[in-house]
Amino acid sequence: MDVLLAFSRPALDWHALAPELTLLAFGTLITVVDIIWDDRSKQAMPTLAGMGLLATLVPILTLAVDGTDRAMFAGAYVVDDFSLVLKALFLISGYIVILMSVDYIREGDYYENEYYTLILTSLLGMVMMSSSRDLVSVFVALELLSIPAYMLAAWRKGGPRSNEAGLKYYLMGVFASAVMLYGMSLVYGLAGSTTFDGIAQSMAADATNPVAILGILFILIGFAFKVSAVPFHTWAPDTYEGAPTPVTAFLAVASKAAGMVALIQLVFVAFPGRDDVVQPFFWVISALTMTIGNLIALRQNNIVRLLAYSGVAQGGFMLVPFAVAAEAPARAFEAIVIYLAIYAFMNLGAFTVVLAVARKTRSGEIDSYGGLFQYAPGLAVAMTVFLAALAGIPPAGGWFAKFGLFRALLDAGGAWAAALGVVVAVNTVIAFAYYARILVQMWFQPIPDGDNRPIAVTGSLGAALAVTIAATMAFGVLPGLVGHFGEVSVLSALGG
Amino acid sequence: MVDALVFFIAAAVCLTGALGVILARNPVHSALMLVMTLFGIAVQFVAQEAHFLAAVQVIVYAGAIVVLFLFVIMLLGVDRAQDLELSILPGQRWAALVFGAGSLMVLGALIVVVGEPVTGAKSVGGSASTAENVRLLARSLFSDHVYAFELTSLLLVIAVIGAVVLARKPSQSELPLVEERGEN
């Protein structure tokens, strides 16, 4: 008995854990600096947080150069190229969000130091998510990224809309977590293992059990809340509108990407044999999400709400490849990763422009963008690039993401894939209508209040714009760049 | 023999507590009766050799959750019987009776239909080990799941920080600025 139960220390690969530890160290450092120097340290906080994210990229680069796949804790934690690509994506998105936050948080009435601590913690959860290959780690990572996000959404304590945003997000998030946990307990009960590999093996061996279907659906529904897929999207617009704008950008990009990453791992690693359940689910969900997100976006007058619904619709596009995950696994996988990367930059860019414009107009209405080109040509051109990217017009990056979707659908073939392709095409056209509305406002309409003083773009916002524009254009002109990352991650995750 | 004796005594304790929860006039008594039920269930867990679950049952439910109930009851000051009458929804008692009788019938029907309800088969596919489960849990927690376990501690710290920030009342000097974004 003692042989069986003798405790052996789990093997720790410190190099593989280095990104998380660096992030954790900086998060702790911020808290300690805050305690010691209090208000005098406020100026240094964004710098410190940004440095933390850049420092975390260093071990990710060394791991990527090293190139070996590392697995720990009986396969529950894996560092491979897929996880490294996504970790880097999360950190860069986080860095852009911090650039967007600097002035906004400093000028508003916010607790600054805790804001950056929470952003770093949430990013830690995302970084952990991309390596997690078992149910327990996935759940802890999800909570670690969500709980700071709930609080960040309510960060403008004086504003009732922000409180509403936080509360709605929290209640829906907790509800989704409960549904997901129930599904996880069912799946664990059947499989007898929490690791994705173990679940995949057991599902392959016992393909008829109806309880498995329930478990899989509950888990997927839990994450569908996270990526705000219709009909689980109801929290998204109110939360996006009420939360401080940099937090909205963070939720719309990083948090959604983390949910997608979890779905990728679940669909491709844990449930590869259950495409009879997974594919119809995603077919319906993605078609609904695209269509309803786009149709409601048509009627929005507030730009943040419009971007929220457009984000819902874009999430629907990202869910499309899951519906052909069995017929064309490599293509589908690649399409999602590429879409995630491009979406992150174009959407963050659009939010940066919204932030910069709101500094002058103090308004979120689309009408307030009238004549933007006359007094802020730079911002108008930037917004045009991002909207063109979101709509999928070359040469801005978005077209390649959509191209990836169609390629996956064509590779899969069959009537269902073709039908979904038609839905995607129709929705791309609908989406163009509301993106064009903003373009018309900016380029052709008169300035609503006649105030044509130029907008002063602050240094950090300018930096965020520069990074996002460069990335959006680079992905559009040189799609091989992002395609390379997609291929690399496919190879590692599917064992190709 | 001893097993059966333990089962019936614990079951009697559970049921007495459960009846006490709904019949006591004073909400504080109801909460205390709930503790009794939870203790009875903990004893049942011990009888099933689920020692860890028994400990968690006592610590979390009897210890933390019921204490929370009592806090709320006393903070709201509804610790007298007549206050309770105010908050009863119309038809609440009848609905409770119908649902209770319904679930009893479903349970009874299951026992009758299945015939031999106790098969001894495991309901989960997990590896059944003869070792004590407290040890197994500890081993699993500190080896395979140590990473998630450690990060859970971070999660709790962050939750506390955030809760303090959100719950803290701003002092006069830092009253919120009104922001116009989205409202005009």
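Computed from heavy atoms alone, side chains included, the values below leave out hydrogens, waters and symmetry copies. Chain naming here is simple, since letters A, B, ... match the order of the sequence lines and numbering starts at 1 in each.
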- Query: Heavy atoms under 4.5 Å from chain B: which residues of residues 118-127 of chain A carry them?
  - Reply: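 A/Leu118, A/Thr121, A/Leu124 fall under the 4.5 Å cut-off.
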- Query: Mind checking which of residues 16-27 of chain A sit less than 4.5 Å from chain B, heavy atom to heavy atom?
  - Reply: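 Residues of residues 16-27 of chain A touching chain B at under 4.5 Å: A/Leu17, A/Glu20, A/Leu24.
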- Message: Please find the pair of heavy atoms, one from B/Leu166 and one from A/Ala154, that lie closest to each other, and give the distance.
- Response: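 Where B/Leu166 meets A/Ala154 most closely, the heavy atoms are CD2-O, 3.7 Å.
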Would you compute the distance between atom [atom1] of [X] and atom [atom2] of [Y] and round it to the nearest 0.5 angstrom?
X	Y	atom1	atom2	answer
B/Asp144	A/Thr194	CG	OG1	7.5 Å
A/Met128	B/Leu151	CE	CG	4.5 Å
B/Tyr147	A/Tyr77	OH	OH	3.5 Å
B/Phe149	A/Ser137	CZ	OG	13.5 Å

- Task: Could you pull out all residues at least two apart from A/Tyr170 that satisfy ring pair (Phe, Tyr, Trp, His ring centres under 6.0 Å)?
- Result: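 Counting only residues at least two positions away or on another chain, A/Tyr170 forms a ring pair (Phe, Tyr, Trp, His ring centres under 6.0 Å) with A/Tyr150.
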- Query: A/Asn163 versus chain B, heavy atoms under 4.5 Å apart: side chain, backbone, both or neither?
  - Reply: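 Neither the backbone nor the side chain of A/Asn163 comes within 4.5 Å of chain B.
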- Message: Counting only non-hydrogen atoms closer than 4.5 Å, does A/Glu114 touch chain B with its backbone (N, CA, C, O), its side chain (CB onward), both, or neither?
- Response: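 Looking at A/Glu114, just its side chain touches chain B.
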- Tell me, for B/Phe142 versus chain A, whether the close heavy atoms (under 4.5 Å) come from the side chain, the backbone, both or neither.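 For B/Phe142, the contact with chain A is made by backbone and side chain together.
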- Task: Taking atom CZ of B/Phe39 as the centre, report whether more than 12 heavy atoms of other residues, nucleotides or ligands fall under 6.0 Å from it.
- Result: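 Atom CZ in B/Phe39 is not packed in, count stays at 12 or less.
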- Message: Please check: side-chain N/O of A/Lys157 versus main-chain N/O of B/Ala167, any donor-acceptor pairing under 3.5 Å?
- Response: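 A pair under 3.5 Å: no.
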- Using heavy atoms and a sub-4.5 Å threshold, report which of residues 157-164 of chain B line up against chain A, by residue number.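 When heavy atoms of chain A are the reference, residues 157-164 of chain B contributes B/Ile158, B/Ala159, B/Ile161, B/Gly162, B/Ala163 within the under-4.5 Å range.
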- Query: Between A/Val140, A/Ile303, A/Ile147, which residue shows the highest count of heavy-atom pairs closer than 4.5 Å to chain B?
  - Reply: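 Most heavy-atom pairs within the cutoff with chain B belong to A/Val140.
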- Item | Side-chain touch A/Tyr115/B/Val165, heavy atoms, less than 4.5 angstrom |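 A side-chain contact under 4.5 Å is absent here.
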